[in-house]
Amino acid sequence: MTRINDELFGKLEYKNNFWRGKTTIKMFGVEKEILLSVDAYENTDFSNVQKEAFLNFIQDMENIMNKAEKHIYDYCIENYEEYREMIGNKLEADQVVSNIHAVSDFKKLVEPAELIVRRVRKNGKRRLGLLCDVCWDIENGIGVKMEDEGVEEVGYQDIVL
């Protein structure tokens, strides 16, 4: 197994076509260490665009995460009634997907799990993906697709993968 200690990304290990390590983010007012995955081949350097994407994220995390939290809130408000109906039983639904009244209600419902620094495409945009676990959809979770420090889309995790 190949390991490196990158100046920007820290200690990384090459596994399953990604360089993997740890990073800390703050989401919904809670600081959490999560998986960091940098999309690159084992024998190549990280691109300047990838480095910029991660550095910009770290330097402006509060602002970027505020945008992400708002988009997650909007996405869930649009969809959570459907999740509650799928559970069927109101008491069980209240336990799994309680009613949402504010962004802060997500502390217990949405947990960040992984930040992915994507490879650069022809358009040259800085691309990140944030994967979150959610109590009401363990299989699909939530993905936040970010480009150039803006939130492009929130949906199932596969939008990021």
Side-chain angles (χ1 to χ4, degrees), residues 1-76 78-80 82-83 86 96-97 106-161:
M1 208 147 305
T2 307
R3 293 180 183 171
I4 60 171
N5 192 357
D6 185 78
E7 189 178 300
L8 177 62
F9 298 114
K11 292 180 184 178
L12 300 172
E13 186 175 337
Y14 195 76
K15 261 200 291 200
N16 302 327
N17 301 317
F18 283 92
W19 285 97
R20 300 191 187 270
K22 299 277 184 194
T23 192
T24 302
I25 69 167
K26 190 172 186 177
M27 186 170 185
F28 302 119
V30 178
E31 208 167 270
K32 179 162 173 34
E33 186 178 72
I34 63 171
L35 184 63
L36 171 66
S37 297
V38 186
D39 189 1
Y41 297 113
E42 186 173 7
N43 58 354
T44 60
D45 292 329
F46 306 118
S47 73
N48 287 334
V49 174
Q50 285 178 303
K51 291 175 184 177
E52 259 181 61
F54 186 68
L55 192 58
N56 290 351
F57 176 79
I58 296 302
Q59 290 175 341
D60 197 19
M61 186 184 306
E62 185 176 347
N63 182 40
I64 294 168
M65 290 308 297
N66 283 340
K67 289 184 220 173
E69 290 168 7
K70 173 78 173 89
H71 279 80
I72 289 170
Y73 176 80
D74 292 345
Y75 172 81
C76 291
E78 269 181 40
N79 295 289
Y80 91 106
E82 184 180 326
Y83 292 122
M86 283 192 290
V96 176
V97 189
F106 284 100
K107 281 182 215 181
K108 299 170 235 134
L109 304 174
V110 178
E111 190 168 326
E114 182 176 359
L115 180 68
I116 302 172
V117 181
R118 301 303 311 207
R119 263 182 241 189
V120 67
R121 289 193 173 159
K122 289 180 183 172
N123 64 12
K125 292 189 178 203
R126 296 178 298 279
R127 300 183 317 132
L128 297 173
L130 179 63
L131 303 180
C132 299
D133 296 329
V134 293
C135 58
W136 65 85
D137 193 347
I138 294 164
E139 238 177 75
N140 297 304
I142 288 180
V144 180
K145 183 178 169 183
M146 295 179 258
E147 288 185 353
D148 292 343
E149 296 75 52
V151 175
E152 290 297 309
E153 186 179 0
V154 173
Y156 293 129
Q157 288 182 353
D158 63 351
I159 65 164
V160 174
L161 300 173

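No experiment lies behind these values; they were computed from the predicted model shown.
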If you draw a 6.0 Å radius around CD in Glu33, do more than 12 non-hydrogen atoms from other residues or ligands fall strictly inside? yes
Are side-chain heavy atoms of Glu69 and Ile72 found at a separation under 4.5 Å? no
Arg127 side chain vs Arg119 backbone, donor-acceptor pair below 3.5 Å: yes
Looking at OG1 of Thr24 and CD of Glu31, how far apart are the two atoms once the value is rounded to the nearest 0.5 Å? 6.0 Å
Salt bridge Arg126-Glu149, side-chain N to carboxylate O under 4.0 Å: yes
Please step through side chain to side chain contact (heavy atoms under 4.5 Å, CB included) for the pair Leu130 and Met27, ending with a clear verdict. CA-CA 11 Å; Leu130 179 63; Met27 186 170 185; 4.1 Å; yes
With sequence neighbours excluded, residues passing salt bridge (charged side-chain N to carboxylate O under 4.0 Å, His left out) with Lys67: none
Least distance between heavy atoms, Val49 atom then Lys125 atom: CG1-O, 3.7 Å
Can you list every pair that meets ring-ring contact (aromatic ring centres under 6.0 Å, His included) and has a residue in residues 20-45, with sequence neighbours left out? Phe28-Phe106
dist Ser47:OG -> Glu52:CD (nearest 0.5 Å) comes out at 8.5 Å
Phe18 meets the ring-ring contact (aromatic ring centres under 6.0 Å, His included) criterion, sequence neighbours left out, with none
Please say which of Ile159, Asp133, Val134 ends up in a side chain to side chain contact (heavy atoms under 4.5 Å, CB included) with Ile142. Val134
Which donor-acceptor pairs under 3.5 Å do side chains of residues 111-118 form with protein atoms, sequence neighbours excluded?
residue, atom, partner, partner atom, Å
Glu111, OE2, Lys32, NZ, 3.1
Glu114, OE2, Arg20, NH1, 3.2
Glu114, OE2, Ser37, OG, 2.5
Arg118, NH1, Val160, O, 2.7
Arg118, NH2, Asp39, OD2, 3.3

For the CG atom of Asn66 and the NZ atom of Lys70, what is their distance to the nearest 0.5 Å? 11.5 Å
Looking only at non-hydrogen atoms, find the nearest pair between Cys132 and Val110 and report the distance. CB-CG1, 3.7 Å
I need the full list of salt bridge (charged side-chain N to carboxylate O under 4.0 Å, His left out) pairs touching residues 151-161, with sequence neighbours left out, sorted by first then second residue. none
Please examine the side chains of Leu161 and Leu131, heavy atoms only from C-beta on, and report whether any two atoms are closer than 4.5 Å. yes
Non-hydrogen side-chain atoms of Val144 and His71 separated by less than 4.5 Å: no
To the nearest 0.5 Å, what is the distance between CG on Asp60 and CG on Asn56? 8.0 Å
How many angstroms lie between CG in Asp148 and CG in Leu128, if you round to the nearest 0.5 Å? 9.5 Å
To the nearest 0.5 Å, how far apart are CZ in Phe54 and CD in Gln59? 10.5 Å
Taking only distance into account, with no hydrogens and no angle test, what donor-acceptor pairs under 3.5 Å do side-chain atoms of residues 1-9 form with protein atoms, sequence neighbours excluded?
residue, atom, partner, partner atom, Å
Thr2, OG1, Glu42, OE2, 2.3
Asp6, OD2, Leu8, N, 2.9
Asp6, OD2, Phe9, N, 2.9

Is there side-chain contact between Phe46 and Leu12, with heavy atoms separated by less than 4.5 Å? yes
